[in-house]
Amino acid sequence: MKLTLRVWRQPHAEAPGAMATYEVDGISPNMSFLEMLDTLNEELVLDGDEPVAFDHDCREGICGACSLVINGDAHGPEPTTTCQLHMRSFQDGQTIDVEPWRAAAFPVVKDLVVDRSAFDRIIQSGGYISAPTGTAPDAHATPVPKPDADFAFEHAECIGCGACVAACPNGSAMLFTSAKVNHLNVLPQGAPERETRVLDMVAAMDEEGFGGCTLAGECATACPKGIPLPSIAAMNKEWLRATRKVRR
Amino acid sequence: MTRTLWDSTVGKKVIMAVSGLVMLLYLVVHMIGNLKIFFGAGEFNHYAHWLRTMGEPFLHHEWALWLVRIGLVAAVVLHGVSAYHLSRRDIRARPSGYVHRKPRAAYATRTMRWGGIILALFIVWHILDLTTGTVHPGGFQSGRPYQNVIDTFSTWYGNTVYIVAVLALGLHVQHGFWSAAQTLGVGNATRDRILKTTANALALVLTAGFVAVPVAVMTGVVS
(Lines give C-alpha, C1' and ligand atoms only; values in the text may rest on other atoms or scores of the structure.)
Protein backbone atom coordinates (compact mmCIF):
# COMPACT_ATOMS: atom_id res chain seq x y z
CA MET A 1 0.00 0.00 0.00
CA LYS A 2 1.10 3.55 -0.76
CA LEU A 3 -0.25 6.25 1.53
CA THR A 4 -0.10 10.00 2.00
CA LEU A 5 0.14 10.95 5.66
CA ARG A 6 -0.57 14.38 7.03
CA VAL A 7 0.86 14.37 10.56
CA TRP A 8 0.79 17.02 13.29
CA ARG A 9 4.39 18.08 14.02
CA GLN A 10 5.18 20.23 17.03
CA PRO A 11 8.75 20.33 18.43
CA HIS A 12 7.69 21.04 22.02
CA ALA A 13 4.78 22.30 24.11
CA GLU A 14 5.37 26.03 23.57
CA ALA A 15 6.32 25.85 19.89
CA PRO A 16 3.64 26.30 17.23
CA GLY A 17 2.68 23.13 15.37
CA ALA A 18 1.50 22.35 11.85
CA MET A 19 0.47 19.44 9.69
CA ALA A 20 3.38 17.93 7.68
CA THR A 21 2.86 15.73 4.63
CA TYR A 22 4.75 12.44 4.14
CA GLU A 23 4.52 9.67 1.54
CA VAL A 24 4.96 6.09 2.73
CA ASP A 25 5.24 3.10 0.43
CA GLY A 26 5.39 -0.65 0.86
CA ILE A 27 2.84 -0.75 3.69
CA SER A 28 1.30 -4.19 4.28
CA PRO A 29 -2.45 -4.28 5.00
CA ASN A 30 -1.60 -6.58 7.92
CA MET A 31 0.49 -3.94 9.66
CA SER A 32 -0.97 -2.15 12.64
CA PHE A 33 -1.31 1.62 12.41
CA LEU A 34 1.61 2.02 14.81
CA GLU A 35 3.79 -0.31 12.72
CA MET A 36 2.97 1.87 9.73
CA LEU A 37 4.18 4.90 11.76
CA ASP A 38 7.31 2.91 12.74
CA THR A 39 7.97 2.43 9.02
CA LEU A 40 7.61 6.15 8.46
CA ASN A 41 9.96 6.89 11.36
CA GLU A 42 12.62 4.49 10.02
CA GLU A 43 12.60 6.39 6.76
CA LEU A 44 12.71 9.74 8.56
CA VAL A 45 15.70 8.64 10.66
CA LEU A 46 17.52 7.34 7.57
CA ASP A 47 16.95 10.72 5.92
CA GLY A 48 18.34 12.42 9.02
CA ASP A 49 14.97 13.87 10.04
CA GLU A 50 13.37 13.92 13.47
CA PRO A 51 11.05 10.88 13.89
CA VAL A 52 7.37 11.48 14.72
CA ALA A 53 6.81 11.17 18.49
CA PHE A 54 3.76 9.12 19.49
CA ASP A 55 2.69 7.23 22.64
CA HIS A 56 2.59 3.43 22.65
CA ASP A 57 3.32 0.62 25.07
CA CYS A 58 1.66 -2.81 25.14
CA ARG A 59 0.41 -2.77 21.52
CA GLU A 60 -2.20 -5.31 22.66
CA GLY A 61 -5.06 -2.87 23.21
CA ILE A 62 -5.03 -3.10 27.00
CA CYS A 63 -2.66 -0.47 28.41
CA GLY A 64 -4.24 2.78 27.23
CA ALA A 65 -0.97 4.38 26.13
CA CYS A 66 -1.66 4.80 22.42
CA SER A 67 -3.81 7.63 21.18
CA LEU A 68 -4.06 9.53 17.83
CA VAL A 69 -7.02 11.10 16.10
CA ILE A 70 -7.03 9.47 12.67
CA ASN A 71 -9.10 11.15 9.96
CA GLY A 72 -11.09 12.91 12.68
CA ASP A 73 -11.81 9.76 14.71
CA ALA A 74 -10.15 9.02 18.06
CA HIS A 75 -8.31 5.69 17.57
CA GLY A 76 -9.36 5.71 13.91
CA PRO A 77 -12.28 4.14 12.06
CA GLU A 78 -12.54 0.81 13.95
CA PRO A 79 -13.96 0.39 17.48
CA THR A 80 -10.57 -0.47 18.98
CA THR A 81 -7.30 1.16 20.05
CA THR A 82 -4.85 2.58 17.50
CA CYS A 83 -2.40 -0.26 18.18
CA GLN A 84 -5.07 -2.81 17.25
CA LEU A 85 -6.13 -0.88 14.16
CA HIS A 86 -4.79 -2.46 11.00
CA MET A 87 -3.96 -0.92 7.67
CA ARG A 88 -6.57 -3.11 5.96
CA SER A 89 -9.08 -0.57 7.31
CA PHE A 90 -7.63 1.94 4.81
CA GLN A 91 -7.41 2.01 1.03
CA ASP A 92 -4.32 2.08 -1.13
CA GLY A 93 -3.49 5.65 -2.08
CA GLN A 94 -5.57 7.15 0.72
CA THR A 95 -4.63 10.37 2.49
CA ILE A 96 -4.69 9.94 6.28
CA ASP A 97 -4.72 12.82 8.76
CA VAL A 98 -3.03 12.02 12.09
CA GLU A 99 -3.52 14.47 14.97
CA PRO A 100 -2.97 14.41 18.74
CA TRP A 101 -5.79 14.37 21.32
CA ARG A 102 -7.13 17.93 21.51
CA ALA A 103 -8.16 19.26 24.93
CA ALA A 104 -6.98 22.08 27.20
CA ALA A 105 -6.44 19.50 29.94
CA PHE A 106 -4.27 17.37 27.60
CA PRO A 107 -1.51 19.75 26.44
CA VAL A 108 0.70 18.58 23.59
CA VAL A 109 4.16 17.51 24.78
CA LYS A 110 5.62 16.81 21.33
CA ASP A 111 4.11 15.92 17.94
CA LEU A 112 1.37 13.39 18.72
CA VAL A 113 2.20 12.94 22.41
CA VAL A 114 -0.08 14.68 24.93
CA ASP A 115 0.19 14.95 28.70
CA ARG A 116 -2.63 12.86 30.20
CA SER A 117 -1.54 13.20 33.84
CA ALA A 118 -4.83 15.04 34.52
CA PHE A 119 -6.41 11.55 34.48
CA ASP A 120 -3.91 10.36 37.11
CA ARG A 121 -4.90 13.24 39.38
CA ILE A 122 -8.59 12.37 38.98
CA ILE A 123 -7.77 8.78 39.99
CA GLN A 124 -5.70 10.03 42.95
CA SER A 125 -8.69 12.01 44.22
CA GLY A 126 -10.84 8.90 44.73
CA GLY A 127 -10.31 6.14 42.17
CA TYR A 128 -9.15 3.62 44.77
CA ILE A 129 -10.45 1.62 47.75
CA SER A 130 -8.99 1.71 51.24
CA ALA A 131 -8.42 -1.91 52.22
CA PRO A 132 -6.28 -3.38 55.01
CA THR A 133 -3.21 -5.03 53.51
CA GLY A 134 -2.21 -8.60 54.19
CA THR A 135 -2.70 -11.85 52.37
CA ALA A 136 -5.20 -11.84 49.53
CA PRO A 137 -8.73 -12.54 50.85
CA ASP A 138 -10.60 -15.62 49.68
CA ALA A 139 -12.39 -14.96 46.41
CA HIS A 140 -15.79 -15.70 47.98
CA ALA A 141 -15.18 -13.78 51.24
CA THR A 142 -17.23 -10.80 50.03
CA PRO A 143 -20.23 -11.92 47.96
CA VAL A 144 -21.10 -9.65 45.01
CA PRO A 145 -24.41 -10.11 43.17
CA LYS A 146 -23.88 -11.13 39.53
CA PRO A 147 -25.55 -8.01 37.99
CA ASP A 148 -23.35 -5.76 40.16
CA ALA A 149 -20.24 -7.71 39.22
CA ASP A 150 -21.13 -7.38 35.54
CA PHE A 151 -21.79 -3.65 35.92
CA ALA A 152 -18.48 -3.15 37.74
CA PHE A 153 -16.59 -5.18 35.16
CA GLU A 154 -18.10 -3.28 32.23
CA HIS A 155 -16.73 -0.05 33.74
CA ALA A 156 -13.46 -1.59 34.91
CA GLU A 157 -12.66 -2.15 31.25
CA CYS A 158 -11.77 1.55 30.91
CA ILE A 159 -8.04 1.77 30.08
CA GLY A 160 -7.84 5.54 30.60
CA CYS A 161 -6.63 6.29 27.07
CA GLY A 162 -8.53 9.59 26.87
CA ALA A 163 -10.33 8.93 23.56
CA CYS A 164 -13.55 10.14 25.24
CA VAL A 165 -11.98 13.54 25.95
CA ALA A 166 -10.49 13.71 22.45
CA ALA A 167 -13.83 12.96 20.79
CA CYS A 168 -15.96 15.21 23.02
CA PRO A 169 -16.79 18.60 21.46
CA ASN A 170 -16.39 20.08 24.96
CA GLY A 171 -13.21 18.23 25.94
CA SER A 172 -15.14 16.64 28.80
CA ALA A 173 -13.83 13.76 30.92
CA MET A 174 -17.27 12.62 32.10
CA LEU A 175 -17.13 9.15 30.51
CA PHE A 176 -13.70 8.39 32.00
CA THR A 177 -14.68 9.66 35.45
CA SER A 178 -18.03 7.86 35.36
CA ALA A 179 -16.35 4.58 34.39
CA LYS A 180 -14.01 4.84 37.39
CA VAL A 181 -16.74 5.95 39.82
CA ASN A 182 -19.26 3.32 38.71
CA HIS A 183 -16.67 0.53 38.76
CA LEU A 184 -15.94 1.02 42.48
CA ASN A 185 -19.20 2.50 43.77
CA VAL A 186 -21.30 -0.56 42.90
CA LEU A 187 -19.03 -2.98 44.78
CA PRO A 188 -19.05 -3.63 48.54
CA GLN A 189 -15.28 -3.00 48.57
CA GLY A 190 -15.95 0.52 47.32
CA ALA A 191 -18.85 1.25 49.68
CA PRO A 192 -16.96 3.00 52.54
CA GLU A 193 -15.84 5.79 50.20
CA ARG A 194 -18.90 5.77 47.97
CA GLU A 195 -19.95 9.39 48.57
CA THR A 196 -16.56 11.08 48.89
CA ARG A 197 -15.30 9.23 45.81
CA VAL A 198 -17.87 10.65 43.41
CA LEU A 199 -17.77 14.15 44.92
CA ASP A 200 -13.96 14.33 44.95
CA MET A 201 -13.48 12.81 41.50
CA VAL A 202 -16.02 15.16 39.89
CA ALA A 203 -14.37 18.11 41.69
CA ALA A 204 -10.92 16.97 40.51
CA MET A 205 -12.25 16.60 36.96
CA ASP A 206 -13.59 20.19 37.04
CA GLU A 207 -10.32 21.43 38.55
CA GLU A 208 -8.30 20.05 35.64
CA GLY A 209 -10.19 22.24 33.16
CA PHE A 210 -12.18 19.56 31.36
CA GLY A 211 -15.45 20.77 29.85
CA GLY A 212 -18.95 19.83 30.93
CA CYS A 213 -21.13 17.10 29.46
CA THR A 214 -23.73 18.03 26.82
CA LEU A 215 -24.68 14.42 26.14
CA ALA A 216 -23.44 14.61 22.56
CA GLY A 217 -22.52 10.93 22.84
CA GLU A 218 -19.24 11.20 20.91
CA CYS A 219 -17.28 9.75 23.86
CA ALA A 220 -19.11 6.42 23.92
CA THR A 221 -18.80 6.12 20.13
CA ALA A 222 -15.05 6.67 20.33
CA CYS A 223 -14.40 4.48 23.38
CA PRO A 224 -12.29 1.44 22.33
CA LYS A 225 -13.58 -0.47 25.36
CA GLY A 226 -17.27 0.20 24.79
CA ILE A 227 -17.98 2.12 28.01
CA PRO A 228 -21.66 2.95 27.42
CA LEU A 229 -23.12 6.48 27.44
CA PRO A 230 -25.60 5.67 30.28
CA SER A 231 -22.52 5.44 32.55
CA ILE A 232 -22.67 9.21 32.75
CA ALA A 233 -26.28 9.14 33.96
CA ALA A 234 -25.31 6.51 36.53
CA MET A 235 -22.53 8.75 37.86
CA ASN A 236 -24.87 11.78 37.92
CA LYS A 237 -27.23 9.68 40.06
CA GLU A 238 -24.37 8.80 42.44
CA TRP A 239 -23.29 12.46 42.57
CA LEU A 240 -26.82 13.65 43.43
CA ARG A 241 -27.15 10.94 46.07
CA ALA A 242 -23.81 11.97 47.60
CA THR A 243 -24.65 15.69 47.69
CA ARG A 244 -27.82 14.85 49.61
CA LYS A 245 -25.98 12.61 52.07
CA VAL A 246 -22.76 14.53 52.67
CA ARG A 247 -22.85 18.04 54.17
CA ARG A 248 -19.79 19.99 53.23
CA MET B 1 -25.43 21.96 48.98
CA THR B 2 -26.34 25.07 46.94
CA ARG B 3 -22.64 25.87 46.58
CA THR B 4 -21.84 22.29 45.59
CA LEU B 5 -24.49 22.52 42.87
CA TRP B 6 -23.39 25.92 41.56
CA ASP B 7 -19.64 25.20 41.63
CA SER B 8 -19.75 21.84 39.85
CA THR B 9 -20.27 21.17 36.15
CA VAL B 10 -22.54 18.28 37.13
CA GLY B 11 -24.45 20.52 39.56
CA LYS B 12 -24.96 23.29 37.00
CA LYS B 13 -26.36 20.74 34.61
CA VAL B 14 -28.77 19.67 37.35
CA ILE B 15 -29.90 23.30 37.67
CA MET B 16 -30.34 23.44 33.89
CA ALA B 17 -32.28 20.17 33.88
CA VAL B 18 -34.69 21.22 36.64
CA SER B 19 -35.25 24.75 35.28
CA GLY B 20 -35.68 23.30 31.79
CA LEU B 21 -38.31 20.83 32.99
CA VAL B 22 -40.17 23.66 34.77
CA MET B 23 -40.28 25.63 31.50
CA LEU B 24 -41.27 22.50 29.58
CA LEU B 25 -44.21 21.90 31.92
CA TYR B 26 -45.29 25.52 31.44
CA LEU B 27 -45.04 25.15 27.65
CA VAL B 28 -47.33 22.12 27.62
CA VAL B 29 -49.96 24.09 29.59
CA HIS B 30 -49.39 27.16 27.38
CA MET B 31 -49.87 25.12 24.22
CA ILE B 32 -53.11 23.57 25.43
CA GLY B 33 -54.33 27.06 26.34
CA ASN B 34 -53.41 28.36 22.87
CA LEU B 35 -55.42 25.65 21.15
CA LYS B 36 -58.61 27.09 22.71
CA ILE B 37 -58.43 29.63 19.87
CA PHE B 38 -60.09 26.96 17.70
CA PHE B 39 -63.23 27.20 19.88
CA GLY B 40 -63.77 30.86 19.04
CA ALA B 41 -63.15 34.30 20.50
CA GLY B 42 -65.51 33.84 23.43
CA GLU B 43 -63.85 30.76 24.90
CA PHE B 44 -60.31 31.99 24.17
CA ASN B 45 -60.84 35.40 25.76
CA HIS B 46 -62.67 33.82 28.69
CA TYR B 47 -59.71 31.50 29.30
CA ALA B 48 -57.28 34.44 29.13
CA HIS B 49 -59.44 36.28 31.65
CA TRP B 50 -59.50 33.25 33.96
CA LEU B 51 -55.69 33.25 34.03
CA ARG B 52 -56.00 36.58 35.87
CA THR B 53 -58.68 35.48 38.27
CA MET B 54 -57.40 31.97 39.12
CA GLY B 55 -56.79 31.39 42.79
CA GLU B 56 -59.41 33.97 43.80
CA PRO B 57 -60.72 34.62 46.36
CA PHE B 58 -57.80 33.06 48.28
CA LEU B 59 -55.34 35.02 46.14
CA HIS B 60 -55.79 38.62 45.06
CA HIS B 61 -56.51 39.44 41.39
CA GLU B 62 -53.56 38.38 39.14
CA TRP B 63 -51.49 37.08 42.09
CA ALA B 64 -51.44 33.53 40.80
CA LEU B 65 -50.42 34.78 37.36
CA TRP B 66 -47.59 36.82 38.85
CA LEU B 67 -46.39 33.85 40.91
CA VAL B 68 -46.16 31.84 37.70
CA ARG B 69 -44.34 34.71 35.98
CA ILE B 70 -41.82 35.04 38.83
CA GLY B 71 -41.20 31.29 38.76
CA LEU B 72 -40.69 31.36 35.00
CA VAL B 73 -38.30 34.32 35.10
CA ALA B 74 -36.28 32.49 37.78
CA ALA B 75 -36.20 29.37 35.59
CA VAL B 76 -35.16 31.31 32.46
CA VAL B 77 -32.40 33.19 34.33
CA LEU B 78 -31.01 30.08 36.06
CA HIS B 79 -31.13 28.11 32.80
CA GLY B 80 -29.48 30.88 30.79
CA VAL B 81 -26.76 31.77 33.29
CA SER B 82 -25.85 28.11 33.84
CA ALA B 83 -25.76 27.54 30.08
CA TYR B 84 -23.52 30.58 29.63
CA HIS B 85 -21.09 29.47 32.35
CA LEU B 86 -20.93 25.89 31.07
CA SER B 87 -20.59 26.93 27.43
CA ARG B 88 -17.69 29.25 28.22
CA ARG B 89 -16.03 26.44 30.11
CA ASP B 90 -16.64 23.97 27.28
CA ILE B 91 -15.14 26.30 24.68
CA ARG B 92 -12.08 26.88 26.88
CA ALA B 93 -11.68 23.13 27.37
CA ARG B 94 -11.29 22.60 23.62
CA PRO B 95 -9.16 25.56 22.47
CA SER B 96 -7.96 24.14 19.14
CA GLY B 97 -10.10 21.99 16.92
CA TYR B 98 -9.07 19.18 14.61
CA VAL B 99 -7.77 19.86 11.12
CA HIS B 100 -9.77 16.89 9.87
CA ARG B 101 -13.33 17.94 10.65
CA LYS B 102 -16.25 15.57 10.77
CA PRO B 103 -19.93 16.37 11.28
CA ARG B 104 -20.41 15.70 14.96
CA ALA B 105 -23.44 14.72 17.02
CA ALA B 106 -27.09 15.05 16.07
CA TYR B 107 -28.46 18.32 14.64
CA ALA B 108 -30.57 18.96 17.76
CA THR B 109 -27.49 18.49 19.98
CA ARG B 110 -25.31 20.81 17.94
CA THR B 111 -27.92 23.57 17.85
CA MET B 112 -28.63 23.72 21.59
CA ARG B 113 -26.65 26.92 22.19
CA TRP B 114 -27.85 28.91 19.18
CA GLY B 115 -31.33 27.49 19.65
CA GLY B 116 -31.32 28.73 23.23
CA ILE B 117 -30.26 32.22 22.16
CA ILE B 118 -32.98 32.30 19.48
CA LEU B 119 -35.57 31.23 22.06
CA ALA B 120 -34.42 33.87 24.58
CA LEU B 121 -34.73 36.64 21.94
CA PHE B 122 -38.10 35.24 20.87
CA ILE B 123 -39.44 35.34 24.43
CA VAL B 124 -38.59 39.07 24.64
CA TRP B 125 -40.38 39.79 21.34
CA HIS B 126 -43.30 37.55 22.26
CA ILE B 127 -43.92 39.38 25.56
CA LEU B 128 -43.55 42.82 23.93
CA ASP B 129 -45.95 41.70 21.20
CA LEU B 130 -48.76 39.90 23.01
CA THR B 131 -48.44 40.74 26.73
CA THR B 132 -47.44 44.40 26.85
CA GLY B 133 -48.40 45.21 23.24
CA THR B 134 -45.35 47.46 22.82
CA VAL B 135 -44.37 46.12 19.41
CA HIS B 136 -47.82 44.81 18.46
CA PRO B 137 -48.87 45.42 14.85
CA GLY B 138 -52.03 47.52 14.77
CA GLY B 139 -53.90 48.55 17.90
CA PHE B 140 -53.20 46.27 20.87
CA GLN B 141 -56.37 45.69 22.86
CA SER B 142 -55.82 44.58 26.44
CA GLY B 143 -58.38 41.92 27.36
CA ARG B 144 -59.03 40.92 23.75
CA PRO B 145 -56.24 38.39 23.09
CA TYR B 146 -58.15 36.66 20.27
CA GLN B 147 -57.99 39.77 18.09
CA ASN B 148 -54.36 40.44 19.12
CA VAL B 149 -53.28 36.94 18.04
CA ILE B 150 -54.97 37.40 14.66
CA ASP B 151 -53.28 40.80 14.22
CA THR B 152 -49.83 39.32 14.90
CA PHE B 153 -50.30 36.37 12.59
CA SER B 154 -51.67 38.59 9.84
CA THR B 155 -48.15 39.98 9.33
CA TRP B 156 -45.48 38.05 7.43
CA TYR B 157 -42.79 38.79 10.02
CA GLY B 158 -45.03 37.76 12.92
CA ASN B 159 -45.54 34.37 11.29
CA THR B 160 -41.87 33.99 10.32
CA VAL B 161 -40.46 34.87 13.75
CA TYR B 162 -42.98 32.66 15.53
CA ILE B 163 -42.57 29.60 13.32
CA VAL B 164 -38.76 29.78 13.34
CA ALA B 165 -38.81 30.05 17.15
CA VAL B 166 -41.20 27.12 17.50
CA LEU B 167 -39.03 24.94 15.26
CA ALA B 168 -36.01 25.90 17.39
CA LEU B 169 -38.06 24.98 20.45
CA GLY B 170 -38.85 21.54 19.03
CA LEU B 171 -35.17 20.80 18.46
CA HIS B 172 -34.23 22.20 21.87
CA VAL B 173 -36.82 20.03 23.65
CA GLN B 174 -35.87 16.92 21.68
CA HIS B 175 -32.30 16.94 23.01
CA GLY B 176 -33.08 18.82 26.21
CA PHE B 177 -35.65 16.46 27.68
CA TRP B 178 -33.55 13.34 27.12
CA SER B 179 -30.44 15.15 28.30
CA ALA B 180 -32.20 16.34 31.48
CA ALA B 181 -33.12 12.74 32.27
CA GLN B 182 -29.44 11.74 32.00
CA THR B 183 -28.35 14.66 34.15
CA LEU B 184 -30.86 13.79 36.86
CA GLY B 185 -29.63 10.19 36.80
CA VAL B 186 -32.93 8.79 35.55
CA GLY B 187 -31.46 7.45 32.31
CA ASN B 188 -30.10 3.94 31.98
CA ALA B 189 -29.72 1.37 29.22
CA THR B 190 -33.20 -0.14 29.63
CA ARG B 191 -35.01 3.20 29.91
CA ASP B 192 -33.14 4.86 27.06
CA ARG B 193 -35.68 3.99 24.40
CA ILE B 194 -38.71 5.20 26.34
CA LEU B 195 -36.90 8.44 27.26
CA LYS B 196 -35.94 9.10 23.64
CA THR B 197 -39.49 8.32 22.46
CA THR B 198 -40.94 10.67 25.09
CA ALA B 199 -38.50 13.41 24.06
CA ASN B 200 -39.43 13.02 20.39
CA ALA B 201 -43.16 12.94 21.18
CA LEU B 202 -42.92 16.05 23.37
CA ALA B 203 -40.95 17.91 20.71
CA LEU B 204 -43.39 16.92 17.98
CA VAL B 205 -46.56 17.68 19.95
CA LEU B 206 -45.27 21.06 21.15
CA THR B 207 -44.10 22.08 17.67
CA ALA B 208 -47.35 21.00 16.01
CA GLY B 209 -49.50 22.52 18.77
CA PHE B 210 -47.80 25.91 18.65
CA VAL B 211 -47.49 26.09 14.85
CA ALA B 212 -51.18 25.24 14.46
CA VAL B 213 -52.23 28.75 15.56
CA PRO B 214 -50.32 30.87 12.96
CA VAL B 215 -51.13 28.29 10.28
CA ALA B 216 -54.83 28.49 11.17
CA VAL B 217 -54.78 32.30 10.97
CA MET B 218 -52.88 32.23 7.65
CA THR B 219 -55.30 29.75 6.11
CA GLY B 220 -58.32 31.59 7.45
CA VAL B 221 -59.50 28.74 9.72
CA VAL B 222 -59.29 31.22 12.58
CA SER B 223 -60.30 34.79 11.72
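Each chain gets a letter, A, B and so on, in the order the sequences are listed, and its residues count up from 1.
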Checklist entry - Non-hydrogen atoms of chain B under 4.5 Å away: do they reach the side chain of A/M205, the backbone, both or neither? => result both
Next on the checklist: Distance check, rounded to the nearest 0.5 Å: A/L240 atom CG versus B/L5 atom CG?
Outcome noted: 7.5 Å
Next on the checklist: With a 6.0 Å cut-off (strictly less than), is the heavy-atom count around CD of A/E157, excluding the residue itself, greater than 12?
Outcome noted: yes
Item to check | Atom pair CG/OG1 of A/L215 and B/T109 - distance to nearest 0.5 Å | outcome: 8.5 Å
Item to check | Part of A/A203 lying under 4.5 Å from any heavy atom of chain B | outcome: neither
Checklist entry - Does atom CZ of B/F38 have more than 12 heavy-atom neighbours, drawn from other residues, nucleotides or ligands, at distances under 6.0 Å? => result yes
Item to check | Minimum heavy-atom distance B/G187-A/A233, with the two atoms named | outcome: O-CB, 3.3 Å
Checklist entry - Hey, are the side chains of B/N188 and A/K237 touching, using non-hydrogen atoms and a 4.5 Å cut-off? => result no
Item to check | Heavy-atom neighbours of B/R69 CZ exceed 12 at 6.0 Å | outcome: yes
Checklist entry - Where the side chain of A/E99 meets the backbone of B/V99, is there a donor-acceptor pair that is under 3.5 Å apart? => result yes
Item to check | Closest heavy-atom pair and its distance - A/N236, B/G185 | outcome: CB-N, 4.3 Å
Checklist outcome for this item: For B/S179 and A/T214 the tightest heavy-atom approach is OG-O, 4.3 Å
Checklist outcome for this item: Of the listed A/S231, A/P230, A/A234, the one with the largest count of heavy-atom pairs under 4.5 Å with chain B is A/P230
Item to check | Heavy-atom proximity to chain B below 4.5 Å, by part of A/L229 | outcome: side chain
Next on the checklist: Quick check on A/A167 against chain B: is it the side chain, the backbone, both or neither that has a heavy atom closer than 4.5 Å?
Outcome noted: backbone
Checklist outcome for this item: When the 4.5 angstrom heavy-atom criterion is applied to A/P169 and chain B, the contacting part is backbone
Item to check | Least distance between heavy atoms, B/R113 atom then A/N170 atom | outcome: NH2-OD1, 3.4 Å
Next on the checklist: Within the supplied structure, the quantity of interest is the number of heavy atoms (other residues, nucleotides, ligands) at a distance under 6.0 Å from A/E207 CD; does it exceed 12?
Outcome noted: no
Checklist entry - Can you tell me how far the CH2 atom of A/W239 sits from the OG1 atom of B/T4, to the nearest 0.5 Å? => result 6.0 Å
Next on the checklist: Counting heavy-atom pairs under 4.5 Å with chain A, which one of B/H175, B/R101, B/M112 comes out on top?
Outcome noted: B/H175
Checklist entry - Would a distance-only check, ignoring hydrogens and angles, find a side-chain to backbone donor-acceptor pair under 3.5 Å from B/K13 to A/G212? => result no
Checklist entry - When rounded to the nearest 0.5 angstrom, what distance separates NE2 in B/H100 from CD1 in A/I70? => result 11.0 Å
Checklist entry - Is the closest side-chain heavy-atom distance between A/D73 and B/K102 below 4.5 Å? => result yes
Item to check | Closest heavy-atom pair and its distance - A/A104, B/R92 | outcome: CB-O, 3.4 Å
Checklist entry - Quick one: of B/A181, B/A189, B/S87, B/S96, who has the most non-hydrogen atom pairs under 4.5 Å with chain A? => result B/S96
Checklist outcome for this item: For B/P95 and A/A103, the nearest pair of non-hydrogen atoms, with its separation, is CD-C, 4.2 Å
Checklist entry - Quick check: does any side chain N or O of A/D206 sit under 3.5 Å from a backbone N or O of B/S8, one acting as donor and the other as acceptor? => result no
Checklist entry - Quick check: does any side chain N or O of B/R94 sit under 3.5 Å from a backbone N or O of A/R102, one acting as donor and the other as acceptor? => result yes
Next on the checklist: Could you check whether atom CD1 of B/I194 has more than 12 heavy atoms from other residues, nucleotides or ligands sitting under 6.0 Å from it?
Outcome noted: no
Checklist entry - In terms of heavy-atom proximity below 4.5 Å to chain B, should A/S172 be classed as side chain, backbone, both, or neither? => result neither
